[in-house]
Amino acid sequence: MKKQLLLAAFIILGLSSCNNESAAVNSVESMKTPEMNNFDKAFKSLGDPQNRPTEEEKKRNTSELSDRRKALLVPASKALILSTGVTEAELTRKTNNDMSATIVWATQIYSKKTAEIRNKAKSEN
Amino acid sequence: MVLSAYAQQGTFILNNYSAYNFNGAIVAGNPTPTGGTCYPLVSSSNPNPLVVPADSHIGNGLALQIDNYRDQYTASLYPITTWEVSTSATNQGVLRTWSHPAVMPGGAVSNNTKWGGSKFYMTDPATGAQVPLFNANIAVAGTCNTTVPDYYTCPSGSAEIFTINSGTNTITYLNIY
């Protein structure tokens with residue numbers, strides 16, 4: 001009987017820890033802004049057949065993402081930056097319309113927002 | 001999760017968009033080698049393998065993200081306890097805990113390495129079985145690497161490693177689709 005109780009307690013522990021984890025994941029998914037969603041989709045789309053590196057791109061002696069593929073990330077990156085209250089003028093001034101600068105800035109914003117959501121979820125649990 | 005300016009190694013992000021678990025090691029090396037060597041070389045050592053579960057990416061907040069060798073231990077969802085550091089042909093595979101001075105931000109190893117690649121295999125999260133052909137060595141092109149490709153594809157999926165560089169910031173992505 002004691003054994004069964006212990007077993008039940010462990011099962012409940014196991015279940016509840018799983019629940020917490022999925023709650024944290026769900027909250028990141030559900031609390032993401034539309035701009036974050038689009039940024040994520042843009043990144044994932046790099047794996048779509050038409051967006052994969054071409055033979056020519058593979059032959060370059062650099063791993064820097066090609067301009068063709070960077071361009072796929074720029075619209076969602078810009079939208080994410082602007083959604084934080086940054087103005088078009090500021091965006092242009094800071095990035096000089098450079099694709100890499102825009103994507104790196106957006107990635108920093110994205111990481112910060114995800115960390116905030118995760119911390120919030122943690123403190124609520 | 002601020003992308004640090006002091007660690008020259010830059011930020012590493014692993015997005016596992018696939019339905020399989022990533023198992024492997026991640027490696028950093030000297031981006032401007034002298035005499036054809038990549039030293040110093042740094043590789044994740046513990047846990048071995050480093051596991052990033054299926055469907056773990058920036059989109060759901062479960063990506064592996066490393067800003068530097070030290071701070072990842074407290075900031076990452078997949079903390080690396082020990083790094084294996086090789087500084088020359090005669091000084092190989094020294095194990096360094098994440099908090100060891102040798103791998104501090106601003107130290108010689110941090111300042112002279114950039115994210116370079118990974119050796120990995122994918123497993124089925126339900127059975128633990130290896131996914132046929134879905135295993136590879138993958139590394140950024142150029143620098144001291146002349147043989148390992150930066151793109152891999154097989155019937156079960158594909159993987160690529162690429163960088164986005166802007167000024168002093170370099171983000172290295174390992175994406176698995």
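The structure displayed is predicted, hence computed values, not measured ones. Computed over heavy atoms, backbone and side chain alike; hydrogens, waters and symmetry mates excluded. In what follows, chains carry the letters A, B, and so on, assigned in the order in which the sequence lines appear, proteins first and then strands, with residues in each chain numbered from 1.
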Engaged part of B:Y177 at the chain A interface, taking heavy atoms whose separation is under 4.5 Å: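 Contact with chain A involves the side chain of B:Y177 alone.
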Side chain / backbone / both / neither for B:D150 at chain A, heavy atoms under 4.5 Å: side chain
Side-chain donor-acceptor contact under 3.5 Å, B:T90 with B:S88: yes
Donor on one side chain, acceptor on other, B:N175 and B:N15, under 3.5 Å: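 There is such a pair between these side chains.
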Aromatic ring proximity B:W115/B:F162, centre distance under 6.0 Å: no
Which atoms of [X] approach chain B - backbone, side chain, both or neither, heavy atom under 4.5 Å:
X: A:L73; result: side chain
X: A:F39; result: side chain
X: A:R60; result: backbone
X: A:S100; result: both
X: A:I103; result: side chain

Residue among A:N37, A:D48, A:T102, A:L46 with most heavy-atom pairs under 4.5 Å to chain B: A:L46
Residue selection (most heavy-atom pairs with chain B, distance under 4.5 Å) from A:K41, A:R69, A:M36: A:R69
Pair B:E160 + A:R52: basic N to acidic O under 4.0 Å: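 Looking at B:E160 and A:R52, the cut-off is not met.
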NZ/NE/NH1/NH2 to OD/OE distance under 4.0 Å, A:E56 and A:K59: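 Looking at A:K59 together with A:E56, the answer is no, because their closest N to O distance does not fall below 4.0 Å.
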Ring geometry between B:Y73 and B:W98 (parallel below 30°, tilted from 30 to 60°, perpendicular above 60°): parallel
Side chain proximity check, B:L14 to B:Y78, heavy atoms < 4.5 angstrom: no
